[in-house]
Number of protein chains: 2
Amino acid sequence: MAEVTLKDVARASGCSVATVSRVLAGTRPVGAETARTVREAAARLGYRPNQVARALRSRSTGTVGLVLPQITNPFFPSLVRELEHALHAEGRAVLLADCDDDPLTEAARIGALLDRQVDALLLIPADEHHSRDAVLEAAARVPLVLLDRGCGPGVADSVAVDNAAGTALVLEHLAATGRRRPCFIGAAGTASTAVERRVAYETGAAAFGPQAPGRTELGDFSVAWGRAAVDRLWPARPDAVVCANDLIAVGALQRLRQLGADVPGEVAVTGFDDIPLAGLADPALTTVRQPVPELAAEATRLLTHRPAGSASRRTVRLTPELVVRASSAEGSR
Amino acid sequence: MAEVTLKDVARASGCSVATVSRVLAGTRPVGAETARTVREAAARLGYRPNQVARALRSRSTGTVGLVLPQITNPFFPSLVRELEHALHAEGRAVLLADCDDDPLTEAARIGALLDRQVDALLLIPADEHHSRDAVLEAAARVPLVLLDRGCGPGVADSVAVDNAAGTALVLEHLAATGRRRPCFIGAAGTASTAVERRVAYETGAAAFGPQAPGRTELGDFSVAWGRAAVDRLWPARPDAVVCANDLIAVGALQRLRQLGADVPGEVAVTGFDDIPLAGLADPALTTVRQPVPELAAEATRLLTHRPAGSASRRTVRLTPELVVRASSAEGSR
DNA sequence: TTGAAAGCGCTAACAC
DNA sequence: GTGTTAGCGCTTTCAA
């Protein structure tokens, strides 16, 4: 069954392909009567425009590339979902690339997407430093928005949560509920999320008093690290364990329970991100919710509304929200 | 900066565009010396083939559509990851569509992908019945492989885990470790995974003795349902709760703990899928691991190697593996 | 407002 | 082996 083309519709409706194109793409005014006839013929024949041909000619594929470090990172699926919906709502399709947390793979994927003439790129960089060159190069070719993580200053437009504000919310909550000896389990390295949350903790912890900043342990964003860090921190008997993300916090909760600690009675535990797992942990995890739908909306907005010829980069910071759950409850103390 | 085209490379290397195309696409034999010159010129100019133009002419986009019910379902991210890697390894890109568990959205997404001339579709149907028409229609246009879930018999090639075998593994393990009064928390509805696991439980539970099949509660594949079902089943004091997936099992674990039940001492709990959450539950969840990399490999294999002109559908069933963890341990009884 | 014609960048016939 | 030529299906000049 041969595909129905514009030519077929033109023949069936008795006008030229140009007119049919104009009716269907809505690019230029067309006589009302002609338009009706054309539309009717198109519908009757079951015509579907070939987007590849359209893309070649109009130099726009209506496709955006979405590049992420690891789709299996539990924070990303909901973000992908929101982005997919936002983009499809504008008639754009999403080419997905998963980089396996590897900047080399990332560079290759970006290249593959550009070869496919994506109109734009949405990118969560795998690495603060090593992603930089590929991102800069890509940003020179198409609109590009960095999501969730940065990649050096001035590289591209970016949207992320305000990690400092989120960490501050946690610290205020802990102070207000009587915690006095916090500690921090963070991630080493230069990823912007790691750095910002770490610095914000150090800054905010000073308010607990001169002795308070307490200990800070740095590893990676994993459950295993959360478990391991607790072994190092628990001997000092902190009354709050602030974790740089929810995975770490879940690990910390597990290990604290194994060690017989009473959470939240004896010690509060907090996370960051509000991944689905946070609500399922036992006790349920107090955490900072990233405004995922807003992140997605803002990212697509930045892609779509680009100030013509402006070289300056836009950085959008969204305010997170504290979600208080059982792991930091004060009633039971 | 204008894009470098085939014409530019032809000019720079002193031969025709056709030759350049042949060298770069490797479609036909070309003189060794010419090939070298061309490749060198291409490299020097930084030529990147425009895949859109190539697709229009060759009628192959090198793109496959991946349609899923909900990327936020924790079983899917790892599957998506494997599929993405398998396809990119063959130089194919992935157009992602998330259907929000809605067959209407699914049909629309499938249409959008076909308009973009995907070479093939990988599809996890949202609904056993309501996805059928759209799938049939799509399968008539491009190679299509159903993944994880079925969609009525003979609709398309399909790859899925052997749900009956997996459920049998669980029941054998429970019987072997001395459990005698199992019950089942499953999902209602006609989704193939729901039906197959349910039927396999009913079949296998008979081996526990005439009184044994015990109670079966049907709801959906969610944590909340797992919690709710436990309230109905626990009064009868089963010594094993077999759950149709890990989310249900996690809910069951939570509620059992709240009710003061001793897992695994008093009652074992098992899941299905082995999502990341399973290993993190407390106690860690005994479950059936789906062979995700094999599912992905098999699916891409079915897409690529299609018996010419064969109208018959291929159904591949992969054997799952039992992962025994603390939630069904017998030592503590 | 509409039509004719010229391509978008590439590959596939068909010559040589 | 290699070049010439004709499109893939569409959008977009340019005239009318």
Side-chain angles (χ1 to χ4, degrees), chain A residues 1-39 41-42 45-63 91 112 114-119 141-142, chain B residues 1-39 41-42 45-63 91 112 114-119 141-142:
Chain A
M1 74 177 182
E3 285 307 294
V4 180
T5 77
L6 209 55
K7 216 149 111 185
D8 299 322
V9 179
R11 196 176 308 125
S13 61
C15 57
S16 75
V17 289
T19 304
V20 177
S21 167
R22 296 197 263 253
V23 171
L24 268 25
T27 41
R28 289 167 144 287
V30 172
E33 178 61 16
T34 324
R36 222 186 40 72
T37 319
V38 168
R39 256 187 269 278
L45 298 178
Y47 171 71
R48 316 273 340 222
N50 179 326
Q51 300 294 345
V52 171
R54 172 176 286 189
L56 179 60
R57 184 61 240 238
S58 65
R59 323 193 127 274
S60 158
T61 52
T63 296
L114 290 176
D115 289 351
R116 288 194 149 76
Q117 312 295 121
V118 291
D119 289 346
R141 309 244 281 111
V142 297
Chain B
M1 71 177 186
E3 285 308 294
V4 180
T5 76
L6 208 54
K7 218 148 112 186
D8 299 321
V9 179
R11 197 175 308 126
S13 62
C15 57
S16 76
V17 289
T19 303
V20 176
S21 167
R22 295 196 266 253
V23 171
L24 269 26
T27 41
R28 285 166 149 288
V30 173
E33 178 60 15
T34 324
R36 221 186 39 71
T37 321
V38 167
R39 255 188 271 277
L45 298 178
Y47 171 71
R48 316 272 342 220
N50 180 326
Q51 301 293 345
V52 170
R54 171 176 286 189
L56 178 59
R57 183 63 242 233
S58 67
R59 319 189 134 282
S60 159
T61 52
T63 296
L114 290 176
D115 289 351
R116 289 194 149 77
Q117 312 295 120
V118 292
D119 289 345
R141 309 245 279 112
V142 296

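Each chain gets a letter, A, B and so on, in the order its sequence line appears, and its residues count up from 1. Every heavy atom of this structure was used, including side-chain atoms; hydrogens, water molecules and symmetry mates were not.
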With respect to the side chain of [X], which nucleotide from [options] is positioned closest?
{"X": "N50(A)", "options": "dC10(D), dT11(C), dT2(C)", "value": "dC10(D)"}
{"X": "S21(A)", "options": "dT2(C), dT11(C), dT12(D)", "value": "dT12(D)"}
{"X": "T19(B)", "options": "dC10(D), dG3(D), dA6(D)", "value": "dG3(D)"}
{"X": "L56(A)", "options": "dC10(C), dG3(D), dG9(D)", "value": "dG9(D)"}

Is there side-chain contact between [X] and [Y], with heavy atoms separated by less than 4.5 Å?
{"X": "V9(B)", "Y": "V4(B)", "result": "yes"}
{"X": "T63(A)", "Y": "R116(B)", "result": "yes"}
{"X": "V142(A)", "Y": "L114(A)", "result": "yes"}
{"X": "N50(A)", "Y": "Q117(B)", "result": "yes"}
{"X": "Y47(B)", "Y": "V20(B)", "result": "no"}
{"X": "S21(A)", "Y": "L6(A)", "result": "yes"}
{"X": "R39(B)", "Y": "R36(B)", "result": "no"}

Please give, in whole Å, the distance from [N] [atom2] to [X] [atom1]?
{"X": "R48(A)", "N": "dC10(D)", "atom1": "CZ", "atom2": "P", "result": "12 Å"}
{"X": "K7(B)", "N": "dG7(C)", "atom1": "NZ", "atom2": "P", "result": "9 Å"}
{"X": "D8(B)", "N": "dC8(C)", "atom1": "CG", "atom2": "C1'", "result": "14 Å"}
{"X": "Q117(A)", "N": "dG9(C)", "atom1": "CD", "atom2": "P", "result": "9 Å"}
{"X": "E3(B)", "N": "dC8(C)", "atom1": "CD", "atom2": "P", "result": "14 Å"}
{"X": "L24(A)", "N": "dG9(D)", "atom1": "CG", "atom2": "C1'", "result": "13 Å"}
{"X": "Y47(A)", "N": "dT11(D)", "atom1": "OH", "atom2": "C1'", "result": "11 Å"}
{"X": "L6(B)", "N": "dT4(D)", "atom1": "CG", "atom2": "P", "result": "14 Å"}

Quiz item: Is there a side-chain polar atom (N or O) of T34(B) under 4.0 Å from OP1 or OP2 of dG1(D)?
Solution: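 T34(B) to dG1(D) OP1/OP2: no side-chain N or O under 4.0 Å.
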Quiz item: Does dT11(D) have OP1 or OP2 sitting under 4.0 Å from an N or O in the side chain of R59(A)?
Solution: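 False: R59(A) side-chain N/O out of range (4.0 Å or more) of dT11(D) OP1/OP2.
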Quiz item: If each of G14(B) and V17(A) is mapped to the nucleotide of DNA chain D with the nearest heavy atom, which maps nearer the 5' terminus, i.e. the 5' end?
Solution: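 Closest to the 5' end, via its nearest nucleotide, is G14(B).
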Quiz item: For DNA chain D, whose closest nucleotide is more 5', that of V30(B) or that of A53(A)?
Solution: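 Taking each residue's closest nucleotide, the earlier one in sequence belongs to V30(B).
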Quiz item: Do you know the tightest heavy-atom contact between A53(A) and L56(B)?
Solution: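 Answer, listing the atom of A53(A) first, then L56(B): CB-CD1, 3.7 Å.
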Practice problem: Of all the heavy-atom pairs spanning L45(A) and D8(A), show the shortest one and how long it is. | Solution: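 Closest heavy-atom pair between L45(A) and D8(A): CD1-O, 3.8 Å.
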Dump every N/O contact between nucleotides 13-16 of chain C and the protein below 3.5 Å, one line per pair.
from: dA13(C); atom 1: N6; to: R22(B); atom 2: NH1; distance (Å): 3.2

Exercise. With axes from five pairs an end, tell me the bend angle of the helix from dT1(C)-dA16(D) to dC16(C)-dG1(D), nearest 10°.
Key: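 So the angle between the two local helix axes works out to 40°.
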Quiz item: Has the side chain of R57(B) got a donor or acceptor atom sitting under 3.5 Å from an opposite partner on the base of dG7(D)?
Solution: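 Answer is yes: a donor-acceptor pair is held.
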Self-check item: Pair E3(B) + R141(A): basic N to acidic O under 4.0 Å
Solution: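 R141(A) and E3(B): salt-bridged.
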